[in-house]
Amino acid sequence: MPEPLIERYRSRLPLEPGDPVVTLNEGSTPLVEAPVISERVGARVLLKLEGANPTGSFKDRGMTVAVSRAKGSGAEVVICASTGNTAASAAAYAARAGMRGAVIVPEGRIAIGKLAQALMHGARVIALRGSFDRALEIVRALADSHPVELVNSVNPYRIEGQKTAAFEVVEELGEAPEALAIPVGNAGNVTAWWRGFRELETAPLVYGFQASGAAPLVRGAPVAEPETIASAIRIGNPARWEEAMAAFTSSRGRIEAVSDEQILAAYRLLATGEGVFCEPASAASVAGILAHGLPPAPDAPPPRTVVCVLTGHGLKDPDTALNKAPPVVGCDPELSAVERAIFD
Ligand SMILES: *Cc1c(COP(=O)(O)O)cnc(C)c1O
C-alpha cells in the first residue's frame, strides 16, 4: 500500500503541526518505460502514470494537502471551478474530510466520468452556462466574500502537493530526467513540477504543450473561446501564466501547441502501442514530443531521457474513446461466425 504523499514528504510540505492528514493514499504512481515512443523520438521516454492516483488524476496530489490544511484551519466547505478533474478530486477529498464540496463546471463541457465522480461523492455540482475561465473568476470572488476554501491551483497548497511528482521521479531514476514533457491548461502543474525539481537543485528542460485551439501561452495572449477535444486543458487564460513561462525560460525548454489530430494520434498510440490508456489532454505531452522533437538548450546535446506526464486516466472520458476507437464487431452465436469475426 503506498504511503500517503503527506507522510512520504512531510518535511517538504507546509502543513501546520495540528493539521489532520486527509488522504486516500495518493502519489507513488508508476513510472513506466515507453519503448514504442522511445524508438520514434530517439530518446528514452518514460511515462508517469498520474491516472493511477485515487480519483484518476494528478489533482489528488494537491488536493490531499489543500484539503488537509483547509480542515486544519476549520473550514467547512471547499469550492472550485473545474474542467472536471479538480471537481472529482475536490469532491472525493471533501467527502473523506467530512466537509461539503461545491464545484462549478462549464455546462456540457466536462467528461462524463468526472461528472459521475463529483456527483457520487456528494458535491453540489453547478453547471455554469459559460467557460472555465469565467467559472474561475466567479469562485475567486466567492471565496473573497464567504467562509469557504478555494481549492483551485491558485491555492498554494495545491502546488506544494503537486511538486511531489518531481520528487518521486528523481528518487526513482536516481537523478532528474534530462527533459519533462507536460500538458498545460491552467499551468498549475507545470509550475509545481518545476518547483519540485528546483527544490532538489535539478533543472531538466521543461517542454509544455497546449492544444492549438486553447494555446494562450504560445500565442502570448488570452484566448476568449478556447476549443479542443482535450477538455482538461480547454483554458483560455491560465492562472499561473507568469510562473509557467518562467519555468520554460529558466529551464531553457519550450511551450508549443499540438493540434487535436496530433493529440488523438498520440492517445491511440499510447493505448495500442504501449498499453496505456490516458485521457486526451494527457496525450498532449506525447503528441508534443512526437510533433516537435526534443529541442536541446543552446550549445547542449539533445536530452537522452524524457518523462512524459500522463495527467489523467482514459476511463475519465469514455465518450471520446468510443468515438475514436474502431467499432465493436457484431456476431451470430455460431463457432464459424466467431472464427470469421476473429481471424478474417
Ligand atoms: C488539470 C489537468 C491538466 C492541466 O493541468 P494544469 O495544472 O491546469 O495546467 C492536464 N491534464 C489533466 C488530465 C488535468 O486534469
Side-chain angles (χ1 to χ4, degrees), residues 26 29 47-63 66 80-90 92 103 105-106 109-111 113-115 117-118 132-133 135-136 151-156 158-163 165-166 180-196 206-211 214-218 226 228-245 247-248 255 258 263 266-267 270 276-288 308-317 320:
E26 51 295 307
T29 55
L47 309 172
K48 182 70 167 159
L49 304 189
E50 291 292 276
N53 277 296
T55 78
S57 85
F58 74 83
K59 301 297 198 299
D60 296 343
R61 291 182 184 274
M63 209 56 74
C80 65
S82 178
T83 59
N85 280 330
T86 300
S89 186
V103 303
V105 300
R109 309 281 280 166
I110 82 165
K114 306 174 187 181
L115 187 60
Q117 289 178 288
F132 167 83
D133 299 282
L136 184 57
V151 293
N152 278 104
S153 59
V154 296
N155 180 315
R158 282 276 310 278
I159 303 300
E160 289 293 314
Q162 287 169 208
K163 77 184 178 186
L180 180 80
I182 184 168
V184 177
N186 216 17
N189 208 28
V190 66
T191 298
W193 276 82
W194 180 242
R195 184 179 301 175
V206 177
Y207 305 128
F209 299 107
Q210 299 196 294
L217 299 180
V218 180
T228 168
I229 193 154
S231 57
I233 53 172
R234 193 186 286 140
I235 292 177
N237 191 10
R240 298 269 180 183
W241 187 302
E242 283 78 21
E243 285 156 287
M245 293 313 292
F248 304 127
I255 176 78
V258 282
I263 289 173
Y267 173 65
L270 279 160
V276 172
F277 187 25
C278 64
E279 64 174 285
S282 308
S285 58
V286 169
C308 292
V309 186
L310 297 190
T311 45
H313 201 289
L315 289 172
K316 293 273 190 174
D317 187 358
T320 301

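Each residue takes its place number in the sequence, starting with 1. Each ligand, and each atom within it, is numbered from 1 in the order the structure gives. For clarity, every value in this text was computed on a predicted model and none was experimentally measured.
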So, for N85 and K316, which heavy atoms are closest and what is the spacing to 0.1 Å?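 Heavy-atom minimum between the residues: OD1-NZ, 2.8 Å.
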Could you check ligand 1 for N or O atoms lying under 3.5 Å from protein N or O atoms and list the pairs with distances?
residue, atom, partner, partner atom, Å
ligand 1, 7 (O), G188, N, 3.2
ligand 1, 7 (O), N189, N, 2.8
ligand 1, 8 (O), N186, N, 2.8
ligand 1, 9 (O), G185, N, 2.8
ligand 1, 9 (O), N186, N, 3.3
ligand 1, 9 (O), A187, N, 2.8
ligand 1, 11 (N), T311, OG1, 2.7
ligand 1, 15 (O), K59, NZ, 2.6
ligand 1, 15 (O), N85, ND2, 2.7

Non-neighbouring partners of E160 that pass side-chain hydrogen bond (donor to acceptor under 3.5 Å, both in side chains), sequence neighbours left out: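 E160 satisfies side-chain hydrogen bond (donor to acceptor under 3.5 Å, both in side chains) with K163, R195 once adjacent residues are dropped.
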How are the rings of H313 and F277 set to each other: parallel, tilted or perpendicular (split at 30° and 60°)?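 Perpendicular: the ring planes of H313 and F277 meet at over 60°.
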Does D317 have any side-chain hydrogen bond (donor to acceptor under 3.5 Å, both in side chains) partners at least two apart in sequence or in another chain, and if so, which?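 Listed in chain order: T320.
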Taking the side chain as everything from C-beta on, heavy atoms only, tell me whether I159 gets closer than 4.5 Å to E243.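 Contact flag for I159/E243 side chains = no.
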Residues forming a side-chain contact (heavy atoms from CB on, under 4.5 Å) with A90, sequence neighbours excluded: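 Here the qualifying residues are M63, C80, V151.
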